[in-house]
Protein chains: 2
Amino acid sequence: MDADKIYEVRKFNRFYTRTLQLTNKYHLGTGLTVLESRLLLEIYENKLQTANDLVSFLDIDKGYLSRVLKSLERRGYIEQTVDDLDKRSKLLGLTELGRSTLEIIKKRADQQIDQLFSKLSEQEMEQVISAMDFIRQKVNLD
Amino acid sequence: MDADKIYEVRKFNRFYTRTLQLTNKYHLGTGLTVLESRLLLEIYENKLQTANDLVSFLDIDKGYLSRVLKSLERRGYIEQTVDDLDKRSKLLGLTELGRSTLEIIKKRADQQIDQLFSKLSEQEMEQVISAMDFIRQKVNLD
DNA sequence: TAAAAAAGTTGCTTTTGTCAACTAATTAGG
DNA sequence: CCTAATTAGTTGACAAAAGCAACTTTTTTA
C-alpha cells in the first residue's frame, strides 16, 4: 500500500481515537468503570458466557479479569455459577441490578452518540452508517 | 436519531476499538509506551511545542505529563529548553534518538495498517479511505 | 491413566493516572 | 506602575488499572 493511503488511515485512527475518548464517558456517575461497563455489555449482548470468552475477545489478562469479575459480583451486578458441564468454568450472567445499570449506561452512550452527529440530516446520517458498514466489512482483524 | 442508527454506530465503535487496540502495538520492542510514542509524534509532526499544548490537545493531566516528559528527556528522546519569550514555558523538541525512534515506530505502525487491509484491491482501499474521510467530516467533536 | 492443557484464583509488582499544593513567571486591572 | 489573578510546569502522595507468575482444580489427550 502506498504511503499516502497509510497516512490517511492513520489520520483517521487518530481522529477516531479522540472520538471514542469523548464517547467513553458514559459510565460516569454509574459507579462502573469503562471496562466494567464493557464487560456487562459483552456478557449480556454478545453472549460471552465465561471469563475465558471475555479474555480472548477483549484481550485482557485473566488474573486481572478474575478480580474485576469478583468485584462486580460482590457489588451485585453479576452472578457466576459453576458450569455443570465443565466445572473449571463459571457461567456469567447479569443480575437485575446489572441489567438495569446496563440500560442506564446504554441510554447515556446513546445520547453521546446522538450528540456526535447532532448537526446531520437523516440522509447524511444514513451515509455515515453506510460508510461505517463498509469499513467494517473491509478491515481484516486477524 | 432513531435507535437502530445509534445501534449501528455503537457497533462500529466497538469494532473500531478492537481495531485500534490491534494497531496500537507498534511501540512494542521500542522501549516506548503508547503515550510516549504519541507524544513524540505530536511534538514532531503536529508541532505541539509545549507541555501545555500537549495537555490541551491530548487531554491528559499536566502533572502526569510533566513526569512522562521528564522521563523522555532523561532517556534521551527529547529536549526541553526554557522559552526565552515566556520563561514559564519549555519548548519541546526531539533529539536525534527521538527522531530515529519515531521513524521506527511509524514504520511499524504503517506495517500494521497495511496488514489491516491486506486483502483489499487498490480500488477497495480507495473506497475505504473515502469512507473514512466522509466520517471525519461528519462527526461533531465539540 | 499419567501427562499436558485449560479455567480460574491469588499474591506481588509495575504502570498509569489523579489530585492538590506549590514555585516561578506573566498578565490584567485599578 | 504595582498588586492580584492567572498561567506553565513541578512535586508528593495516593489510587486505579494492568501485568506476571505460581498455584489449584478439572478436563483432555496420547
Side-chain angles (χ1 to χ4, degrees), chain A residues 17-18 20-22 24-40 42-43 47-75 77-93, chain B residues 17-18 20-22 24-40 42-43 47-75 77-93:
Chain A
T17 299
R18 270 163 70 75
L20 289 172
Q21 252 175 37
L22 282 178
N24 264 247
K25 312 259 187 221
Y26 49 78
H27 62 287
L28 294 175
T30 59
L32 296 184
T33 66
V34 180
L35 176 61
E36 288 169 339
S37 312
R38 182 79 193 265
L39 294 176
L40 295 193
E42 298 299 348
I43 293 168
K47 315 279 183 240
L48 301 188
Q49 298 200 315
T50 67
N52 201 42
D53 291 347
L54 292 167
V55 160
S56 41
F57 187 73
L58 297 177
D59 191 32
I60 45 181
D61 180 73
K62 62 182 180 170
Y64 180 42
L65 178 64
S66 171
R67 266 180 265 263
V68 175
L69 289 177
K70 188 159 70 173
S71 159
L72 282 172
E73 185 178 39
R74 188 180 44 75
R75 291 183 287 152
Y77 294 103
I78 65 167
E79 286 168 342
Q80 312 192 65
T81 54
V82 171
D83 184 354
D84 275 337
L85 287 89
D86 182 345
K87 295 201 180 72
R88 292 170 304 178
S89 305
K90 291 173 160 185
L91 299 176
L92 304 171
Chain B
T17 299
R18 268 163 69 75
L20 290 172
Q21 252 175 37
L22 283 178
N24 265 239
K25 311 257 188 224
Y26 49 78
H27 62 288
L28 294 175
T30 60
L32 296 184
T33 66
V34 180
L35 176 60
E36 288 169 338
S37 314
R38 182 78 193 265
L39 294 176
L40 295 192
E42 298 299 348
I43 292 169
K47 314 279 184 241
L48 301 187
Q49 298 198 317
T50 67
N52 202 42
D53 291 347
L54 292 167
V55 160
S56 41
F57 187 73
L58 297 177
D59 192 31
I60 46 180
D61 180 74
K62 61 181 181 169
Y64 181 42
L65 178 64
S66 171
R67 265 180 265 261
V68 176
L69 289 178
K70 189 159 69 174
S71 158
L72 281 173
E73 186 178 38
R74 187 180 44 73
R75 291 183 287 151
Y77 294 103
I78 65 167
E79 286 167 341
Q80 312 192 64
T81 54
V82 172
D83 183 354
D84 275 337
L85 288 87
D86 181 345
K87 296 202 180 70
R88 291 170 306 178
S89 304
K90 291 172 161 186
L91 298 177
L92 303 172

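So you know, we letter chains A, B, ... as the sequences are listed, proteins then strands, and number each from 1.
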In terms of the nearest nucleotide of DNA chain D, which residue is placed more toward the 5' end: A:Asp86 or A:Asp59?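 Whichever sits nearer the 5' end wins; that is A:Asp59.
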
On DNA chain D, compare the nucleotides closest to A:Leu35 and B:Gln49; which residue's is nearer the 5' end?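 The residue closer to the strand's 5' end, by nearest nucleotide, is B:Gln49.
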
With a 4.0 Å cut-off on heavy atoms, is A:Lys62 in touch with a base, just the backbone sugar-phosphate, or nothing at all?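 Result for A:Lys62 = base.
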
Contact class for A:Asp61 (heavy atom, under 4.0 Å): base, sugar-phosphate, or nothing?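 If one applies the 4.0 Å heavy-atom cut-off, A:Asp61 turns out to touch a base.
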
Choose from [options] the nucleotide whose nearest atom is closest to any side-chain atom of [X].
| X | options | value |
| --- | --- | --- |
| B:Thr50 | C:dG8, D:dA18, D:dG9 | D:dG9 |
| A:Arg67 | D:dT10, C:dG11, D:dA13 | C:dG11 |
| B:Ser66 | D:dA18, D:dG9, C:dT9 | D:dG9 |

Whole Å only: how far is the [atom1] atom of [X] from the [atom2] atom of [N]?
| X | N | atom1 | atom2 | result |
| --- | --- | --- | --- | --- |
| A:Glu36 | D:dA16 | CD | P | 11 Å |
| A:Lys90 | D:dT26 | NZ | C1' | 14 Å |
| B:Leu92 | D:dG9 | CG | C1' | 11 Å |
| B:Leu65 | D:dG9 | CG | P | 8 Å |
| B:Gln80 | C:dA24 | CD | C1' | 16 Å |
| A:Tyr64 | D:dA16 | OH | P | 11 Å |
| A:Leu54 | C:dA7 | CG | P | 12 Å |
| B:Ile60 | D:dT10 | CD1 | P | 13 Å |

Gap between atom CG of B:Leu92 and atom CD of B:Gln80 - 0.5 Å precision: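 Result: 5.5 Å between the selected atoms.
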
Which value, rounded to the nearest 0.5 Å, describes the distance between B:Leu58 atom CG and B:Leu65 atom CG?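 The CG atom of B:Leu58 sits 8.0 Å away from the CG atom of B:Leu65.
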
Is the backbone N or O of A:Gly31 less than 3.5 Å from a side-chain atom of A:Arg75, with the two atoms forming a donor-acceptor pair by type?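 Yes.
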
Please lay out, stage by stage, how A:Ile78 and A:Leu40 fare under the test side chain to side chain contact (heavy atoms under 4.5 Å, CB included). CA-CA 8 Å; A:Ile78 65 167; A:Leu40 295 193; 3.6 Å; yes

Decide side chain to side chain contact (heavy atoms under 4.5 Å, CB included) for B:Leu39 and B:Leu32; before the verdict, give the C-alpha distance in whole Å, the side-chain angles of both, and the deciding distance to 0.1 Å. CA-CA 10 Å; B:Leu39 294 176; B:Leu32 296 184; over 6 Å; no

Regarding D:dT7, can its base be found pairing with the side chain of B:Arg88 as donor and acceptor, where the two atoms are less than 3.5 Å apart?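 Such a pair is found, so the answer is yes.
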
